[in-house]
Amino acid sequence: MDGDRSEYSDGYVVISGNKIVDVGAGTPPEYPGAQVIDGSGCLITPGLVNTHHHLYQWITRGLAADSTLFEWLTTLYPVWAGIDADAVHVAATGGLTWLAKTGCTTTTDHHYVVPRDAGDVFEAEITAAAQVGLRFHPCRGSMDLGQSSGGLPPDHVVEKLDDILTGTQSVIDRWHDPNPGSMLQIAVAPCSPFSVTEALLRESATLARENGVRMHTHLAETLDEERFCREHFGCTPVEYMERVGWVGPDVWYAHAVHLDDAGIETMARTGTAAAHCPTSNARLGAGIARAADLVNGGVTVGLGVDGAASNEACSLIEESRHALLFARAKGGPQTMTVRKALELGTIAGARVLGREGEIGSIEVGKLADLAVWKLDTVAHAGITDPVAALVLGSTPPLKLLLVNGRIVVADGRVTTVDEDVVASDVARAHRDLLGKA
């Protein structure tokens, strides 16, 4: 995924510390004392970059399985209202562990449910990411438009505007690391047009830009949202976002399914990016995003697994496959190539997060975030093109996952946490939360 889209059928990658120091074809030079990992039968790619997630939902999977987005939300809001810091830590550990096992090295998280007396839910997920070992971009989410004021969420799961701004500033001050090689960067993320006020959007944009952090929100996910925006604001979702200052190269939208040509042009003109979530959009019947039109129109498009309660698989490499298949189902087999689909999950995702100079490709000087996929098993052996094997085939096992030069997955097992303990903790937290609801 470098600028020349270099590919080596037989080659090597050399890492020193947390950086890539050499890449090439054939046999590598001698490095006395180096640890050598044999990648025969494997495909090495950049680590995958997940641009949209809701980790807390890992303990609420399988609910409202046949519902629309608004029905799904109204079913789950009362359950999510019971989360606390312990539940968030368990859920995040489970979700991050699975992301690692499926090739993801960098992930965002959009956490917008902040119940009173829940403890520090942001510390809970941040410590989970440090434990699992993934590069983390948590987004301090928020909702301040409850049902009594015309919004969708129940009043008891929304916050007051001043509390949101104070809480967001606190998260940035405590956790955001803007330095090169950062493992932790914060974004500001009001939830959606139907769950936040215009004042929150405007003031959170000001806060984000004063602090030099990125901005994220859901947008244009369903036709219900389109109708909501037209009824309440007299315009499309993208027009509303431009009106309140939520466009620019520091902004990315989750979903961006229902866009007209003018909306795509606005995003391209302003440098606003998108997180394409094809599996979740299909699971909720939201529609198929115009991913190819966005890319061809000059919009940066990354991939997101979205929340685990609307995508129980949460495998980012599956998002590459589904992005390709859905694009081709709409536009034909030349609409998206297998390499473009992989690009969306790597270098394009890094570009969405402002990290293209550090991650997303295998280049000298970049951070050592790499996935080594085994393609010599019965599921993939004999597939001519290894990239097609990865994108179109079933998800391969990982021989190795490196994040910042550290081994996080080896021979299909996460090395940083006990997977059996994580699974047991998730089952307990799921039962406890449903029992509380």
- Query: With no hydrogens and no angle check, is any side-chain donor or acceptor of Asp109 less than 3.5 Å from a backbone partner on Leu55?
  - Reply: yes

- Message: Given 3.5 Å as the limit, does a donor-acceptor pair link the side chain of Asn404 with the main chain of Arg406, or not?
- Response: no

- Task: Answer whether the closest heavy-atom distance between the side chains of Ile172 and Leu207 falls below 4.5 Å.
- Result: yes

- Run the side chain to side chain donor-acceptor pair (under 3.5 Å) check on Gln57 and Thr60 step by step: do they pass? CA-CA 5 Å; Gln57 294 180 13; Thr60 60; 5.4 Å; no

- Query: Does the salt bridge (Lys or Arg N to Asp or Glu O under 4.0 Å) test come out yes or no for Arg140 and Glu125, once each step is laid out?
  - Reply: CA-CA 11 Å; Arg140 204 299 185 180; Glu125 66 170 4; over 6 Å; no

- Task: Could you tell me whether the side chain of Thr415 and the main chain of Val408 form a donor-acceptor pair under 3.5 Å?
- Result: yes

- Under 4.0 Å between a Lys/Arg side-chain N and an Asp/Glu carboxylate O for Lys19 and Glu358? no

- Task: Indicate yes or no: at least one non-hydrogen side-chain atom of Leu259 is less than 4.5 angstrom from one of Val238.
- Result: yes

- Task: Can you spot which of His255, His276, His111, His137 makes a ring-ring contact (aromatic ring centres under 6.0 Å, His included) with His52?
- Result: His255

- Heavy-atom pair with the smallest gap, counting every atom of Gly345 and Leu316: O-CD2, 4.1 Å

- Query: Are Asp38 and Ser40 linked by a side-chain donor-acceptor pair shorter than 3.5 Å?
  - Reply: yes

- Message: Please check this pair: side chain of Trp72 against backbone of Ala309, looking for a donor-acceptor N/O pair closer than 3.5 Å.
- Response: yes

- How about Asp173: does its CG atom have over 12 heavy atoms from other parts shown lying under 6.0 Å from it? yes

- Determine, step by step, whether Arg135 and Thr107 satisfy the side-chain contact (heavy atoms from CB on, under 4.5 Å) criterion, reporting the C-alpha distance in whole Å, the side-chain angles of both residues, the deciding distance to 0.1 Å, and the verdict. CA-CA 6 Å; Arg135 202 175 299 280; Thr107 186; over 6 Å; no

- Is there a donor in the side chain of Gln169 and an acceptor in the side chain of Asn211, or the other way round, less than 3.5 Å apart? yes

- Have His218 and His216 got a donor and an acceptor in their side chains that come within less than 3.5 Å? no

- Any chance you could measure Trp98, atom CH2, to Glu312, atom CD, to the nearest 0.5 Å? 13.0 Å

- Message: Side chains of Trp373 and Thr45: any donor to acceptor distance under 3.5 Å?
- Response: yes

- Item | Charged N-O contact under 4.0 Å between Arg428 and Asp86 | yes

- Check for a donor-acceptor pair, side chain of Thr346 on one end and backbone N or O of Pro46 on the other, with a separation under 3.5 Å. no

- About how many Å separate CG of Leu134 and CG of Leu184, when rounded to the nearest 0.5 Å? 12.0 Å

- Message: To check you understand the geometry: which heavy-atom pair defines the closest contact between Trp252 and Ala187, and what is its length?
- Response: CH2-CB, 4.0 Å

- Could you tell me whether Arg413 and Asp411 make a salt bridge, using a distance below 4.0 angstrom between a side-chain N and a carboxylate O? no

- Query: With side chains defined as the heavy atoms from C-beta onward, is the minimum distance between Met241 and Thr266 less than 4.5 Å?
  - Reply: no

- Message: Under a plain distance cut-off of 3.5 Å, with no hydrogens placed, do Lys366 and Ser361 share a side-chain donor-acceptor pair?
- Response: yes

- Query: Using a distance-only test with no angle check, is there a side-chain donor-acceptor pair under 3.5 angstrom linking Asn311 and Glu319?
  - Reply: yes

- Item | Chi angles and distances behind the side-chain contact (heavy atoms from CB on, under 4.5 Å) call for Val13, Ile362 | CA-CA 8 Å; Val13 181; Ile362 305 176; 3.9 Å; yes

- Give a yes or no on whether a salt bridge exists between Asp432 and Lys436, defined as a side-chain N under 4.0 angstrom from a carboxylate O. no

- Are the side chain of Thr335 and the backbone N or O of Gly332 linked by a donor-acceptor pair below 3.5 Å? yes

- Message: Donor-acceptor pair, distance only, cut-off 3.5 Å: does the side chain of Arg214 make one with the backbone of Val188?
- Response: no

- Message: Whether Arg5 and Glu343 form a salt bridge (side-chain N of Lys/Arg under 4.0 Å from carboxylate O of Asp/Glu) is what I want to check.
- Response: yes

- Message: Could you measure the distance from the CD1 atom of Ile359 to the CZ atom of Arg351? Nearest 0.5 Å is fine.
- Response: 11.5 Å

- Locate the shortest heavy-atom distance separating Leu367 from Arg355; write the atom from each residue and the value. CD1-NH2, 4.2 Å

- So, Trp80 versus Trp58, ring centres under 6.0 angstrom or not? no

- So, Thr279 and His322: side-chain donor and acceptor under 3.5 Å apart, yes or no? yes

- Can you check whether Gln185 reaches Val213 side chain to side chain, under 4.5 Å on heavy atoms? no

- Task: For the residue pair Glu71 and Thr68, confirm or rule out a side-chain donor-acceptor distance under 3.5 Å.
- Result: yes

- Task: Would you name the heavy atoms of Val257 and Gly287 that are closest together and state the gap between them?
- Result: CG1-C, 3.8 Å

- Query: What about the rings of Trp175 and Phe122, do their centers lie closer together than 6.0 Å?
  - Reply: no

- Thinking salt bridges, do Asp120 and Arg174 make one under a 4.0 Å N-O criterion? yes

- Where the side chain of Thr272 meets the backbone of Gly248, is there a donor-acceptor pair that is under 3.5 Å apart? yes

- Hey, what do you get for NZ (Lys374) to CG (Leu43), rounding to the nearest 0.5 Å? 12.5 Å

- With the threshold set at 4.0 Å, does a side-chain nitrogen-carboxylate oxygen contact exist between Asp261 and Arg290? yes

- Is the backbone of Ala348 close enough, under 3.5 Å, to the side chain of Glu356 for a donor and an acceptor to pair up by distance? no

- Heavy-atom nearest pair, Ala368 first then Ile20, reads CA-CG1, 4.1 Å

- Check whether any side-chain heavy atom of Lys399 lies under 4.5 Å from a side-chain heavy atom of Ile37, and answer yes or no. yes

- Pairwise side-chain contact, Ile407 with Leu402, heavy-atom cut-off 4.5 Å (strictly under): yes

- What is the distance from atom CG of Leu48 to atom CG of Leu401, rounded to the nearest 0.5 Å? 8.5 Å

